[in-house]
Structures are given as C-alpha cells and as structure tokens.
Enquirer: 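Let me begin by handing over the structure; questions about it come next.
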Amino acid sequence: MTASLTIVVVEPDPARARLIVDALREAGDFDIHVVAERAALARQIALHNPDVVLVDVADPSRDILEELALASAPLDRPVALFVDRSDEGLSTAAIEAGLSAYVVDGLTQARVKPVLDAAIARFHMVQRMRTELAETKRALEERKVIDRAKGLLIRARGITEEEAYALLRRTAMDKNRRIADVAEALVTASDLLK
Amino acid sequence: MRTVPIPVGYVPLVDAAPLIAAQEMGFAAAEGIALDLHRSPSWSALRDALSVGQVAAAHMLAPIPVANALGLGGGSVGFEAVSVLSVNGTMIGISDALAERLDAAGHDYDFADAGAAGRALIAAAPKPLRIGVPFPFAMHAELVFYWLSALGLPSPQSLTVRTLPPPLMADAMRAGEIDAFCVGEPWASQAVFEKVATLLLPGAAIWSFAPEKVLAMRTGWAESEPDLSARLIRAVWRAGQWLEDDDARSLAAELLSRPQYLGVGADLIERAMKGHFTIRASGEERSVARFVVFHEGVAHFPWRSQAAWIGSQLAGRMGLDRAGAAQKAARIFRSDLHRAALAPLGVNLPAASARVEGALAGDSPSAGARGPLRLGRNRFFDGGLFDPEIH
C-alpha cells in the first residue's frame, strides 16, 4: 500500500476551494492543502512538498508555479507539468476545463488519473458557475441601461413606458442591433448633451 | 470571400498591439481571416493553449519557443516563430528606497546610458538584489543578466530572480518583495502611477534591437496550413506597418485600453506607444526613441541570429553547450516561412537570414532581396558582438 498523495490546491476563493476539495475527497484518500495567498505560494509549496499541485488556468500566479517547477529548490523533487507527460486526451480535457496541474515526476498515470478526473469534473462546474455569474451581471447591467433609456424617452417625448420600450425595440430592429446597444447609445449621447 | 476564423492567443501587454490592430483595423479581414483573440492570464497558460491547439497562433516571449527547442521548461510541444511582433519594449524599474540611494549618489537617470544606470544600481543595491521578471524564459531576464554580468555582477547567480505576472509587479514592489523589476508596458508605468516604483532604464538601452515578442505556431502547423498561416503573417505585417504612424499609435492606445483587451487607461498605454515616460511620482519625464518597434528597420523579420543569441544565452546559464544550442535555436525562427508569406506583397526583405548581432552603430543601409534596405540600429551597450555560425 502506497502512502496517500499530497495535493495542494491554489485557489484564493474559499467557496471554490471547498468545491474542489470536496470532489477530491470523494475521489480518494488524499492529503489536501489549500493555498489562498499568492504571496505565500513558494513557502507553502515547500512546506507541503506536494505530489500534485492544482491551479486554475485563469490564475496569473501560474507563472510563479512554473518557476517553482523549473527550479530544484524550493521543491526537493522535480515537478513536471502535467500536460507534458500524460496522454493527450487527458491534458486537453484539463486545459478545456480551465485546470492546470503540476505532477511530481515518477508518479504513475494510474495514481494521478483519479485526482485529475475529479478535478476536471469540478473545474468544469466552477467554470460554468463563473460564466453564469458573468452573464447574470451583464443582464442586470443591460436592464439598468434600458431603464435609463426608457426614462429619457418618457421625459423627452412624453410617452408611456410601454411606448418607450416599443420605440427602443423598433429602432433596434431597424438598425439591426440589440436593444441594449441602442439604449446604451442613447444614454451616452444624452450624457454628452448635458 | 469567406472569412476564416483563426484562434490567436495573447497576454495583455502593449506589444500585443499588432494582433489586436490586425483584427480591429481590418487588416485581418483584408486577408480573408478573422482573429478570434483569446486573452491569456499567464505565459504558461498561453503556451499550454498553443500546445494543445486551443489557439493556432500566439503572441509569445521570443525565448519561449527557443527554450522549448532546447528542452528547457515545461513545454514538450515544439513551437516556431514566423514573425517578430515587436522589438524592444521592456522597462526596468526600481523601488523608491533604492531610488533614494541612487539620488543620493547623484545618478541622473539618463535613459540612454545603460552603463551608468547599471553601475549605480549595483553600487546601491542590497545583496542579493531581488528582481522581478515576468517569466523564466523572457527577454526581460536575458537583458538584465547580460547587462549586469557585463558590468561585473555575474547574473543570474548573484541575483534573487522572482517570476511575477506583469499585473502583479506593482503589488510585489509595494509589499517589499522585490527591489527592482524588468517588465513590459504598461505595467512599469502602472507601478509609477501607483507611486511604488521609479523607472531606471528602458531595455532598449541594453540592446537596441532586442526581439521581444514573436508570432508563434506549433511546429509544422504553418506548413500544414500554408494558406492560412501566410494570411495571418501578412495581416500582422500590415498591422505592424500601420502601427509605426504616430496618430495610429494614439488610436491603438485607445483600442488596447478597452476592457476586453488590456483594461488600463489609454494614457498609460500611450506612454509606451509614444516613448514619453513619467519616471517617478514627482512627474519627472524621459523620452525614448523606439521604445517599442513593430515594423521600422525590418523589425518584423525573424532573424535566425536573434534566435541563436537567445539560445546561446539560455545555454550559458543552464550549463548546456552554447554553440549547439545556438544552432538548434536558429532553426526555430522561420525566416523562410516569413519570406514566403510576404512574397505576394512584394516586400523588400533582407538578402541574408542571419547577421552579426550588435554590429550596427546606427541605422544602416543594407542589401535587400529587392534592392537597398534600411536596417535599424543594432548595438549592445557594451559594444559586444554576437556572430553565430549557423549551418
């Protein structure tokens, strides 16, 4: 029986970190550490001496890990980039999920695969959540702009809210643009005229 | 003509301008392509995206494809450079504590005198000097090592070199983690703007014609997609030519400042584009001719000797055979593909594909394949020459 793998998850957001840690725990018996502070990255990694480091591809501190992976210190063991040494399908899946993984040299594919499978699945979910959040934010922003545009039209032309919206929609159709874009143009123009 | 989309990756920096301008100003459309631009948060992420084919081409630090070819670093997939996207464009900054010591010693921040700046830095610096660079394989690192070594501080062994993503450089300076940095714009100016750094020297003062970023592709991709890759090379070449115009650079600063690209103020980007810098919080200014070059002096041409220089420098500090590394590296800069792609435009290109690096004390006439050609000044600050034997 080999000792359980030590995994470091680099993730500043506690909620996301918990999601990933939970998924890893379900996948097997691992010794998992979360590093949230970029500044402490090198020291934390030296301290835990992990077999696997998982990091979000969107995290700019990836290039810091890259340096750690190259240098012999502070890591005692050489760390290879996961995409470097695994079968192409798995590394492509990881990158598509937004996951970067560093794996200590010499670990067999069989031992690493469950970790990566679990992480890939969870990263997909995290990414989906992030996209949804961004979309929701954008929709809210757009609604605010449309409301402001409607208000401008109501005041300037003495029409009802319904008529103002209809006017925006008709203009958008005529100009082959989105309602939000037309509203945005109107708000910008009116700001300029103030 | 049907427009073919090509996914292209970049890191948010001023020198991504040729790719962004190619798409935004219609140079890509003129070639019947659309650049699907992917912003990458880090160089390693961009390298991996290119490795697995998530992007077909990428804005890349000139030393990354060379390091891959030498088996250094994490990349196992071979890359090649089909164009140089930019020459020069890096900036060295120091902490305010260090700047105080340089001021006390009477340093005048002459942006053209790399020798004086380096000697002042070495005299005032804590030992070891802690310096931030954006990636282990970057011209930033190579220029700093060349500069300080030539002035008697053997580098990198006498330095503590920290890899830091450009947008985090100012934070690291504020936190007191580094004494100096060498970084691409607008991130050095951003650190001045945040009042945590003083600009000491542009990289161009160390080597006046340093290949900074290249257009990289997976080895073999350009040959398997000769038509698409050539269209991309031409679109980027046209964008680079456009970017040499002063007004175009102002417009480019506006384009790059958009949130989806760099997302920093156009005024900060314009400093690098125009070479007019505010070097410290007090508002003191310096100008740099050709701070970043996209086209002039045949800047777009991937000289095999440029790659050889990078290969030789990397080999020197990694304990590899220098001549062998230079040979291997030279094959990575594909001047042949660059020539073939630009042939339909009738562009006058250098007759040779390699040269002695550092041998042009000023802009110089040279033999072009279609008549005389003007090459940009190419000089190392210490007068060093690099004459690779490329077979």
Enquirer: Is the number of heavy atoms from other residues, nucleotides or ligands within 6.0 Å of CZ (A:R143) greater than 12?
Expert: no

Enquirer: Who among B:L168, B:V11, B:L164 has the most heavy-atom pairs with chain A under 4.5 Å?
Expert: B:L168

Enquirer: Assess whether atom CD of B:E194 is packed by more than 12 heavy atoms of other residues, nucleotides or ligands within 6.0 Å.
Expert: yes

Enquirer: For A:E162, does the CD atom have more than 12 heavy-atom neighbours from other residues, nucleotides or ligands under 6.0 Å away?
Expert: no

Enquirer: Using side-chain heavy atoms (C-beta onward) and a distance below 4.5 Å, is A:D63 in contact with B:P134?
Expert: no

Enquirer: For B:E225, does the CD atom have more than 12 heavy-atom neighbours from other residues, nucleotides or ligands under 6.0 Å away?
Expert: yes

Enquirer: Does anything in residues 184-193 of chain B get under 4.5 Å of chain A by heavy atoms, and if so which residues?
Expert: none

Enquirer: Within a radius of less than 6.0 Å around NZ of A:K137, do more than 12 heavy atoms belonging to other residues, nucleotides or ligands occur?
Expert: no

